[in-house]
Amino acid sequence: MSNSLQGFDVMSATFAADVDQAFWINFWISIVLGLSVIVPMLYFAWKFRASNVKDEDISDVTHNTTLEIVWTLIPTALLMVLFYYGYSSMKVLRTMPAESESIVIHVEGKKWSWNHTYPANKSGFVHKSAELYVPQSENVILKMTAPLNDVIHSYFVPAFRMKEDVVPGRVTQQWFNAEKLGTFDVECAEYCGTRHSYMLSKIHVIPKDEYDAWFKSSSKVGPGEKEVAKSKGHELYDMNGCSGCHSINTDSILVGPSLKGIGAKYDAQYLKDAIIIPDKDVPEEFSAGIMPPFNLSDEDVTALVEYITTGK
Ligand code: CUA
């Protein structure tokens with residue numbers, strides 16, 4: 001998994017320019033205001049140092065009404081400017097387009113992977129994917145949630161300048177309209193445990209006709225990707241984000257134990273329990289409470305264990 005972030009150097013959503021404008025106005029007003037306090041302060045501290053001032057020169061200094069009004073009004077006016085740009089760009093981000101004119105995609109964030117579920121297409125097929133595919137220049141609404149036994153995450157796309165918390169048991173939403181074709185990073189922006197910094201995904205912005213053709217199909221992989229026949233267990237393994245924490249082809253330890261050769265060490269019942277009730281019997285080198293319990297049917301768990309132990 002690549003960890004290089006294609007980020008703020010690209011502006012790709014319709015509202016990205018508004019967000020950047022609000023940021024830079026904030027930035028420069030803060031710089032100018034900061035300097036207008038610090039520079040005179042240093043200058044006066046030096047100019048009116050004790051050895052330079054006689055008591056009789058300053059005995060009648062009280063206040064200066066004009067000066068005090070001016071240094072109250074100017075920051076107040078600047079504050080209004082900050083508020084205006086902050087509020088107007090926030091409003092664009094927070095006002096959802098009509099759902100009838102948008103693609104509504106459900107997002108689930110859980111330790112430590114993202115899943116996207118599309119609306120059913122005409123033939124009733126529901127696309128699910130770890131990476132998001134969207135057409136260029138269309139409104140997309142993300143309805144996001146996390147499982148009840150999970151923690152708070154945040155769906156952050158630097159190139160789109162958008163970010164919103166993903167909360168267990170609640171549905172939060174955000175929207176975008178991507179102007180540029182390309183692939184953009186999705187990051188988790190709320191600390192959520194061991195693999196937080198690897199809770200990454202991608203948004204692929206593709207031409208509309210390519211998207212439509214893919215959406216109409218029943219392809220189990222992304223547009224333009226070759227469908228490889230996968231066993232049910234393999235599919236479950238990918239959909240549940242197992243590879244985020246367990247390596248399967250090498251001995252390396254990510255968060256939990258490597259699954260390479262695990263079938264020789266444990267029987268099927270032990271492995272099933274380890275998926276459904278992970279804290280039941282944790283190997284000595286690892287801690288309880290890290291792996292979330294997976295709520296899978298008996299049939300699914302059997303298929304998953306089959307894949308983990310035999311690779312099929
Ligand atoms: Cu999910 Cu940090």
Side-chain angles (χ1 to χ4, degrees), residues 5-48 61-99 101-104 107 109 132 134 136-144 152-167 170-182 184-191 196 203 205:
L5 302 174
Q6 183 186 10
F8 291 110
D9 51 328
V10 194
M11 262 203 283
S12 184
T14 43
F15 46 60
D18 293 323
V19 176
D20 280 19
Q21 185 189 42
F23 173 80
W24 286 114
I25 287 171
N26 247 282
F27 180 82
W28 285 113
I29 287 182
S30 304
I31 293 280
V32 170
L33 273 185
L35 289 177
S36 75
V37 172
I38 290 165
V39 171
M41 190 184 76
L42 292 174
Y43 172 70
F44 291 133
W46 171 79
K47 186 176 177 192
F48 298 110
V61 174
T62 56
H63 67 289
N64 184 324
T65 307
T66 316
L67 204 55
E68 283 166 23
I69 289 176
V70 168
W71 78 42
T72 304
L73 287 183
I74 292 178
T76 306
L78 289 174
L79 199 66
M80 295 301 192
V81 173
L82 291 186
F83 176 78
Y84 171 78
Y85 284 101
Y87 178 77
S88 56
S89 54
M90 179 95 174
K91 209 173 153 194
V92 180
L93 287 167
R94 295 280 105 225
T95 309
M96 298 295 137
E99 287 190 14
E101 286 159 28
S102 313
I103 301 170
V104 180
V107 177
L132 183 62
V134 296
Q136 185 182 21
S137 299
E138 292 260 333
N139 294 335
V140 177
I141 297 176
L142 302 180
K143 297 209 171 199
M144 313 181 294
I152 302 181
H153 306 275
S154 182
Y155 197 97
F156 176 37
V157 188
F160 294 1
R161 312 293 192 265
M162 64 175 223
K163 174 165 72 177
E164 181 62 46
D165 280 3
V166 178
V167 184
R170 243 168 78 176
V171 177
T172 52
Q173 51 181 358
Q174 58 184 346
W175 79 282
F176 63 90
N177 184 320
E179 292 175 306
K180 289 190 186 136
L181 295 174
F184 306 96
D185 287 304
V186 178
E187 301 161 36
C188 180
E190 187 72 53
Y191 183 68
H196 158 71
I203 296 182
V205 181

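What you see is a predicted model, and the numbers here were worked out from it, not measured in a lab.
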>> Taking CE in M96 as the centre, count heavy atoms belonging to other residues, nucleotides or ligands within less than 6.0 Å. Is the count above 12?
In response: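 Buried by this count: over 12 neighbours within 6.0 Å.
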> Does R94 CZ have over 12 foreign heavy atoms under 6.0 Å away?
Replying inline: yes
> After noting the C-alpha distance and the side-chain angles of V166 and V107, does the key distance pass the side-chain contact (heavy atoms from CB on, under 4.5 Å) rule?
Replying inline: CA-CA 9 Å; V166 178; V107 177; 5.6 Å; no
Does any part of the side chain of [Y], heavy atoms only, come nearer than 4.5 Å to the side chain of [X], both counted from C-beta?
| X | Y | result |
| --- | --- | --- |
| Q174 | V157 | no |
| I203 | V140 | no |
| Q21 | S89 | no |
| P75 | L78 | no |
| V186 | L132 | no |

Exercise: identify the closest heavy-atom pair between [X] and [Y]:
| X | Y | result |
| --- | --- | --- |
| S137 | N177 | CA-OD1, 3.1 Å |
| A16 | A159 | CB-O, 4.3 Å |
| T76 | T72 | OG1-O, 2.6 Å |
| C188 | H153 | SG-CB, 3.7 Å |

>> As a quick check of understanding, evaluate side-chain contact (heavy atoms from CB on, under 4.5 Å) for V134 and I103, giving each step before the final call.
In response: CA-CA 9 Å; V134 296; I103 301 170; 5.8 Å; no
Distance check, rounded to the nearest 0.5 Å: [X] atom [atom1] versus [Y] atom [atom2]?
| X | Y | atom1 | atom2 | result |
| --- | --- | --- | --- | --- |
| W24 | I31 | CH2 | CD1 | 9.5 Å |
| E99 | N139 | CD | CG | 11.5 Å |
| Y43 | F48 | OH | CZ | 7.0 Å |
| E164 | M144 | CD | CE | 5.0 Å |
| E179 | F15 | CD | CZ | 10.0 Å |
| D18 | R161 | CG | CZ | 11.5 Å |

> Who passes ring-ring contact (aromatic ring centres under 6.0 Å, His included) against F160, sequence neighbours left out?
Replying inline: F176, F184
> Excluding sequence neighbours, so at least two apart, what forms ring-ring contact (aromatic ring centres under 6.0 Å, His included) with Y85?
Replying inline: none
>> Whether E190 and K163 form a salt bridge (side-chain N of Lys/Arg under 4.0 Å from carboxylate O of Asp/Glu) is what I want to check.
In response: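 Judged by the 4.0 Å cut-off on N to carboxylate O distance, K163 and E190 do not form a salt bridge.
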